[in-house]
There are 2 protein chains.
Amino acid sequence: MLAEHRQTMSQAECIHKLSGVHDALYVLSGKWKLPIVIALHEGPKRFGELQRAIGDITPKLLSKELKELEMNEFVKRQVYTSTPVLIEYELTDYGSSLDGIIQELCAWGIQHRARIQSR
Amino acid sequence: MLAEHRQTMSQAECIHKLSGVHDALYVLSGKWKLPIVIALHEGPKRFGELQRAIGDITPKLLSKELKELEMNEFVKRQVYTSTPVLIEYELTDYGSSLDGIIQELCAWGIQHRARIQSR
DNA sequence: GATAGTAGTATCCCAAAGGATACCGGTATC
DNA sequence: GATACCGGTATCCTTTGGGATACTACTATC
């Protein structure tokens, strides 16, 4: 293979990766989206439970992030019309498709912290 | 296993994941860090080459992000004392350890785009 | 000697992200 | 009837991330 072709191929691959990563980061933007998804991984949670599980998130932000997660079909808002009304947020199957990303980030982050601390 | 214990375990797991993901996202913060790492994946690049490869990044931002990537040992700044001086940025082995994360983000991003467009 | 490229730095500015605080209507409890 | 929880909303304010633009010192080329 000619150098010229290799160059073209790796450039194409680079652009391909750039766009994929960009799209993924776009829907995961914001400080709290992944924390919310991780917290919901344990099971459905109510608004207040989520707030306590994550810690330090204000209701305004939690509400906003949940709406965006709902729009992207990562999270389902379940309303149980009992009295009083019970509202639960639960991870959808599509939300669970983020597991690979979360696993990689988590594993890398943990080894990185260990690496930093051992210096 | 008692429900109580399951709950405790999954909470611990949740906190564990939260901290790992947090640490990873912390060093990858900023709009251009992953794009730079991806661009350098093809091979070493000079400042101007990087700027052109990424597109739309201003020299100020590129300089800042490169410094942070260098501090985290993702990127090595090579100075060749020829005349004129040649400066190249190259990915370190540790920088390559981000490949798993990039792969996951890229693959997920691409399937997500396909999913969106097919609706 | 003008022009262009290389590798950045300096300054200014703006929009967006996010935090603090207060509030709302409803229900249940004391 | 006061208080407290639930599920949020509204308003204000600060921070910071990042873009635009200009500039520098050096070298090479026309």
Side-chain angles (χ1 to χ4, degrees), chain A residues 18 21-40 42-72 74-91, chain B residues 18 21-40 42-72 74-91:
Chain A
L18 281 171
V21 169
H22 178 270
D23 290 352
L25 292 182
Y26 180 74
V27 295
L28 297 176
S29 71
K31 191 174 174 182
W32 302 105
K33 291 217 179 57
L34 281 178
I36 291 171
V37 169
I38 293 169
L40 288 180
E42 294 180 34
K45 281 198 169 49
R46 305 168 64 173
F47 194 89
E49 287 178 305
L50 259 177
Q51 207 178 336
R52 270 169 257 124
I54 292 172
D56 282 348
I57 188 173
T58 61
K60 173 185 134 186
L61 265 295
L62 181 55
S63 171
K64 182 191 142 220
E65 299 281 52
L66 281 172
K67 274 175 189 155
E68 294 179 21
L69 290 171
E70 225 189 314
M71 276 182 14
N72 285 315
F74 296 149
V75 163
K76 180 87 198 301
R77 184 177 185 266
Q78 285 286 1
V79 181
Y80 298 101
T81 56
S82 50
T83 148
V85 176
L86 172 65
I87 295 167
E88 277 190 343
Y89 294 91
E90 62 171 303
L91 212 56
Chain B
L18 280 171
V21 169
H22 178 270
D23 291 351
L25 291 181
Y26 180 73
V27 296
L28 298 177
S29 70
K31 189 175 176 182
W32 301 106
K33 291 218 180 56
L34 283 178
I36 292 171
V37 169
I38 292 169
L40 289 180
E42 293 181 33
K45 280 198 170 50
R46 303 168 65 175
F47 195 89
E49 287 179 305
L50 260 177
Q51 208 178 336
R52 270 170 258 126
I54 292 173
D56 283 347
I57 187 172
T58 61
K60 173 185 131 187
L61 264 295
L62 180 53
S63 171
K64 182 192 140 219
E65 300 280 52
L66 280 172
K67 275 175 189 155
E68 294 179 21
L69 289 172
E70 226 189 313
M71 278 182 12
N72 285 315
F74 295 149
V75 163
K76 180 86 198 301
R77 185 178 185 264
Q78 284 287 359
V79 181
Y80 298 100
T81 56
S82 51
T83 144
V85 176
L86 173 65
I87 295 167
E88 277 190 346
Y89 293 92
E90 61 172 304
L91 211 57

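Reminder, nothing fancy here: chain letters follow the sequence lines and each chain counts from 1.
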- Message: Could you check whether any side-chain heavy atom of A:F74 comes within less than 4.5 Å of a side-chain heavy atom of A:I36, counting everything from C-beta outward?
- Response: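 SC-SC contact between A:F74 and A:I36 ruled out.
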- Note, A:L91 side chain near A:Y89 side chain (heavy atom, < 4.5 Å):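 When only atoms from C-beta onward are counted, A:Y89 and A:L91 do not touch, as no gap falls below 4.5 Å.
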- Message: Using side chain to side chain contact (heavy atoms under 4.5 Å, CB included), reason through B:I57 and B:Q51 one step at a time and then give a plain yes or no.
- Response: CA-CA 6 Å; B:I57 187 172; B:Q51 208 178 336; 4.0 Å; yes
- Message: Without decimals, in angstroms, what is the distance between A:L62 CG and D:dA10 P?
- Response: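 Between P of D:dA10 and CG of A:L62: 16 Å.
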- Query: Which residue pairs pass the salt bridge (Lys or Arg N to Asp or Glu O under 4.0 Å) test when at least one of the two sits in residues 76-91 of chain A, sequence neighbours left out?
  - Reply: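 Qualifying pairs: none.
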- Message: Just to verify, what does B:D23 make a side chain to side chain donor-acceptor pair (under 3.5 Å) with, not counting sequence neighbours?
- Response: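 Result, side chain to side chain donor-acceptor pair (under 3.5 Å) vs B:D23: A:R113.
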Pull out every protein N or O sitting under 3.5 Å from an N or O of nucleotides 14-17 of chain D, one pair per line with the distance.
none

- Message: By nearest heavy atom, map B:E65 and B:T83 onto DNA chain D; which one lands nearer the 5' end?
- Response: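 Between the two, 5'-proximity favours B:E65.
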- Partners meeting side chain to side chain contact (heavy atoms under 4.5 Å, CB included) with A:P84 (sequence neighbours left out):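 Not a single residue meets the side chain to side chain contact (heavy atoms under 4.5 Å, CB included) criterion with A:P84.
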- Message: Reading DNA chain C from 5' onward, which residue's closest nucleotide shows up sooner: A:V85 or A:S29?
- Response: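 Comparing both residues, the 5'-ward one is A:S29.
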- First encountered from the 5' end of DNA chain C, between B:I87 and A:K60: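 Checking each residue's closest nucleotide, the 5'-ward one belongs to B:I87.
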- Task: Not counting sequence neighbours, list each pair that qualifies as a side-chain hydrogen bond (donor to acceptor under 3.5 Å, both in side chains) and has a residue in residues 29-38 of chain A.
- Result: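 Sorted pair list: A:K33-A:E65, A:K33-A:E68.
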- What is the nucleic acid contact for B:P84, judged by heavy atoms within less than 4.0 Å: base, sugar-phosphate only, or nothing?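 Touches sugar-phosphate only.
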- Item | Value rounded to 0.5 Å, distance of CG in B:L86 from OG1 in B:T81 |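 Separation between the atoms: 10.0 Å.
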- Task: Please find the earliest and latest nucleotides of DNA chain C, in the 5' to 3' direction, that have an atom within less than 4.0 Å of any heavy atom of chain A.
- Result: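 Listing 5' to 3', DNA chain C meets chain A from C:dG18 to C:dA28.
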